[in-house]
Undergrad: 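Have a look at the structure that comes next, please.
Chain identifiers are assigned alphabetically (A, B, ...) following the order of the sequence lines, protein sequences preceding nucleic acid strands; residue numbering begins at 1 within each chain.
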Amino acid sequence: MSQATLSFSRARHGLAPWARIAGLTVCALLTLGPVVWTVSTSLRTPAEAFDLPPQLIPSDPSAEAYRGVFDQIDVWLLALNSTLVTGLIAVGQMITAGLAGYAFARLEFRFKKPLFALVLATMMVPLQVTIVPVFLVLKSMSLTDTLLGLIIPAFPTAFGTFLMRQYFLGMPKDLGEAAMLDGAGPWRTFRSVYAPLAAPGLAIVGVLAFNYHWNEFFRPLILETSGHNYTLPLGLVSLQGNLGTGSISVVLAGVVLSMIPAVAVFAVGQRPLREGITSAGVNR
Amino acid sequence: MTNTQTPPARTERPKAPPAPQAPRLSARDRGTRLLATLFLAPTIVGIVVFTVVPIVGSVVLSLFHWNVIDPPRFAGGSNYGAVFGDETVLVSFRNTLVFMVFAVALQLLVALALALTLNGRMPVWLRSVFRSAFFFPLVLSAASISVVMKYLFNQDFGVVNWLLGFVGIAPVPWLTSENAAMTTVVLVYVWQQFGFSFLLFVGGLNNIPKEIHEAAALDGATGLRKHLTVTLPLLSPTLLVASVVGIINALQVFEQPYVLTNGGPGDSTRTVVMVIYETAFEQLRFGEASAVGVLLFVLIMAVTALQFRLSRRFVHYQ
């Protein structure tokens, strides 16, 4: 068929390459635009913050707004809180998910299937549905309004466990069998053979945990009632509450400050993050 | 991937007696069990204490009147009655469903269009620049992004209206009119969230073997038709995951309406989770808040179950 050859050449080009790239560029600008605007506005003096058209590069860059943030909220304390909470959760999740994932992938024990089903099922339960009882459980442990109250409930991770199980299942079984034949017990086999190989998978769990909990708002909003236990997102929104007296560039400077670690993780951990998200969609 | 890995059949030594009545565990097997118990304990205990018990707790609490100060009083179904009689709660459910439909549809459409466009031929570096750009908002916090968007969508001095001015559109009261507010919440949410579905689609498209497209092209399938008849069916498992995750997330929307509009104007952007938060932690009506939570849970389960049912007809596995 002559038509077939004709359409073959069209199918490969569907849309002209320049049109595709132009369209993607416009979308990328829309995606990044608000972030660029935030950074540039935070560098303007409060008086010029509302200028339209917004200048991309401030004519007279000023760090005044950043000083304002430090004056209004205790940035160091909030950053320390956020770092402690996020760091401990990330490390905790790497440990719990690594261990549980290994058990589900490579160990034999009773009730394995129902326990794994239980873990998977909890992925479906929204946090908001359980928040009132969780709050009461933490209250009974005197953990409300403490950083520990944010950290401990976040240690178990259903998604991380699932991910690590897949990760360990993907490793060759012969390695462990060889170690066993050499007389290694189950613990030695895990410790010296499989655990070291799991590092990239654990990195995925850690980066995902960092990203999620650094930005977390709902749980801290409910659990942390006194200002000295606030994390950065709470501090930011409280900055905005002072808008009547304060200025837009101060709020945006606060946003930029809180973005820095997230952006750093994006730069360094982009690949593990992407793999973590993508693996939610494939290999199910 | 297979579900369970049976342990390697251990070959018995020839002189070993035939297995006795009760198979005794070898030292190694006992070691394995002990190890499994230790390895699973943190996860299972944590899940039981902070998810399973709270789910049961929510259901129980929803049957009581309780404000933390006075002792709880059994309420029977009256919390549910109160919830169904409460205009604000009903509106919040309607808002949440409306939000879910538009947010998920828009998010999937944008993500799919971008993933398909990106899948075409272009330099590798350019592809990774675009991919990073689309996925970047995901790493930012929804709360702080909403703070930023509040300025961008300001009616008088916001950049959005200023840009629209160029195409001759009069300033829109994005955040202050009942009609526009929900649209704004959807736009802000989708702006931040579409990267998630986008990454799922990029992964799904990578999993489609190249030969299938080549064969389809040889059979005369072109541009759009190729996508409709070849790509989409092959991508349908990913589409299912993206829509299930998208819907579950959308039904829990909180930060964007809380920061952008605080539920207003009126109740036009008040969502179910906002109502749970306000009822429990501002008004200290824990029983009613739990009742709303249980209803949200039922709604999420129902929608997800419906989706899996419908998907049986549309999802194709290779």
Undergrad: Measure distances from B/Ile145 to the heavy atoms of chain A and classify the residue's part below 4.5 Å as side chain, backbone, both or neither.
TA: side chain
Undergrad: If I measure from the heavy atoms of chain A, does B/Val52 come under 4.5 Å with its side chain, its backbone, both, or neither?
TA: side chain
Undergrad: Pick one of side chain, backbone, both or neither for A/Phe155, based on which atoms fall under 4.5 Å of a heavy atom in chain B.
TA: neither
Undergrad: What part of B/Phe134 is in contact with chain A, defined as an atom under 4.5 angstrom from a non-hydrogen atom: side chain, backbone, both or neither?
TA: both
Undergrad: Please look at A/Leu127 and chain B and tell me whether the side chain, the backbone, both or neither of the residue comes under 4.5 angstrom of a heavy atom of that chain.
TA: backbone
Undergrad: Side chain, backbone, both or neither: which part of A/Thr96 has a non-hydrogen atom closer than 4.5 Å to chain B?
TA: both
Undergrad: Heavy atoms, side chains only, cut-off 4.5 Å: are A/Thr231 and A/Glu216 in contact?
TA: no
Undergrad: Pick one of side chain, backbone, both or neither for A/Trp37, based on which atoms fall under 4.5 Å of a heavy atom in chain B.
TA: side chain
Undergrad: Which bit of A/Leu30 is near chain B, if near means a heavy-atom gap under 4.5 Å: side chain, backbone, both or neither?
TA: backbone
Undergrad: We want to know whether B/Ser132 and A/Gln270 form a side-chain donor-acceptor pair, criterion being a heavy-atom distance below 3.5 angstrom.
TA: yes
Undergrad: Can the positive tip of A/Arg165 be found less than 6.0 Å from the middle of the six-membered ring of A/Phe116, inside 45° of the ring normal?
TA: yes
Undergrad: Within a strict 4.5 Å, meaning less than it, do heavy atoms of the A/Pro126 and A/Val129 side chains meet?
TA: yes
Undergrad: Side chain, backbone, both or neither: which part of A/Phe210 has an atom under 4.5 Å from a heavy atom of chain B?
TA: neither
Undergrad: What residue, out of A/Val137, A/Thr157, A/Ile21, has the most heavy-atom pairs lying under 4.5 Å from chain B?
TA: A/Ile21
Undergrad: Heavy-atom pairs under 4.5 Å with chain A: which of B/Ser146, B/Ala113, B/Gly120 has the most?
TA: B/Gly120
Undergrad: Can you tell if the side chain of B/Phe39 reaches within under 4.5 Å of the side chain of A/Phe109, non-hydrogen atoms only?
TA: no
Undergrad: Does the side chain of B/Trp66 come within less than 4.5 Å of B/Leu284's, by heavy atoms?
TA: no
Undergrad: Out of B/Leu114, B/Val60, B/Thr51, B/Val148, return the one with the most heavy atom pairs under 4.5 angstrom to chain A.
TA: B/Val148
Undergrad: Tell me, for A/Phe190 versus chain B, whether the close heavy atoms (under 4.5 Å) come from the side chain, the backbone, both or neither.
TA: side chain
Undergrad: Please classify the contact of A/Ala267 with chain B as side chain, backbone, both or neither, using a heavy-atom distance under 4.5 Å.
TA: neither
Undergrad: Quick one, B/Met274 and B/Asn262 - any side-chain contact, counting heavy atoms below 4.5 Å?
TA: yes
Undergrad: With a 4.5 angstrom heavy-atom cut-off, could you sort out which part of B/Leu61 is near chain A: side chain, backbone, both or neither?
TA: side chain
Undergrad: Select one option (side chain, backbone, both, neither) describing which atoms of A/Leu252 are under 4.5 Å from chain B's heavy atoms.
TA: side chain
Undergrad: Restricting to non-hydrogen atoms, name the atom on A/Arg106 and the atom on A/Leu169 that form the minimum distance, rounded to 0.1 Å.
TA: NH2-O, 3.7 Å
Undergrad: Kindly indicate whether the side chain of B/Leu138, heavy atoms from C-beta on, has any atom under 4.5 Å from the side chain of A/Ile277.
TA: yes
Undergrad: List the atom of B/Gly204, the atom of B/Leu235, and the distance in Å for their closest heavy-atom pair.
TA: C-CD1, 3.6 Å
Undergrad: Does some side-chain heavy atom of B/Ser141 sit less than 4.5 Å from a side-chain heavy atom of A/Trp214?
TA: no
Undergrad: At a 4.5 Å cut-off on heavy atoms, which part of B/Leu35 comes close to chain A: side chain, backbone, both, or neither?
TA: both
Undergrad: So for A/Thr25, is it side chain, backbone, both, or neither that comes closer than 4.5 Å to the heavy atoms of chain B?
TA: both
Undergrad: Any idea which of A/Gly160, A/Ala100, A/Gly254, A/Pro153 has the most non-hydrogen atom pairs under 4.5 angstrom with chain B?
TA: A/Pro153
Undergrad: With chain B, which of A/Leu232, A/Val265, A/Thr122 has the greatest number of heavy-atom pairs at distances under 4.5 Å?
TA: A/Thr122
Undergrad: Does the separation of the ring centres of A/Phe135 and B/Phe281 fall below 6.0 angstrom?
TA: yes
Undergrad: By a 4.5 Å heavy-atom criterion (distance strictly below it), what part of B/Phe130 contacts chain A: side chain, backbone, both, or neither?
TA: side chain
Undergrad: Is A/Val125 in contact with chain B via its backbone, its side chain, both, or neither, using a 4.5 Å heavy-atom distance?
TA: both
Undergrad: Taking the side chain as every heavy atom from C-beta outward, state whether B/Ile44 and A/Val119 have any atom pair closer than 4.5 Å.
TA: yes
Undergrad: Does any backbone or side-chain atom of B/Tyr258 lie under 4.5 Å from a heavy atom of chain A? Answer side chain, backbone, both or neither.
TA: side chain
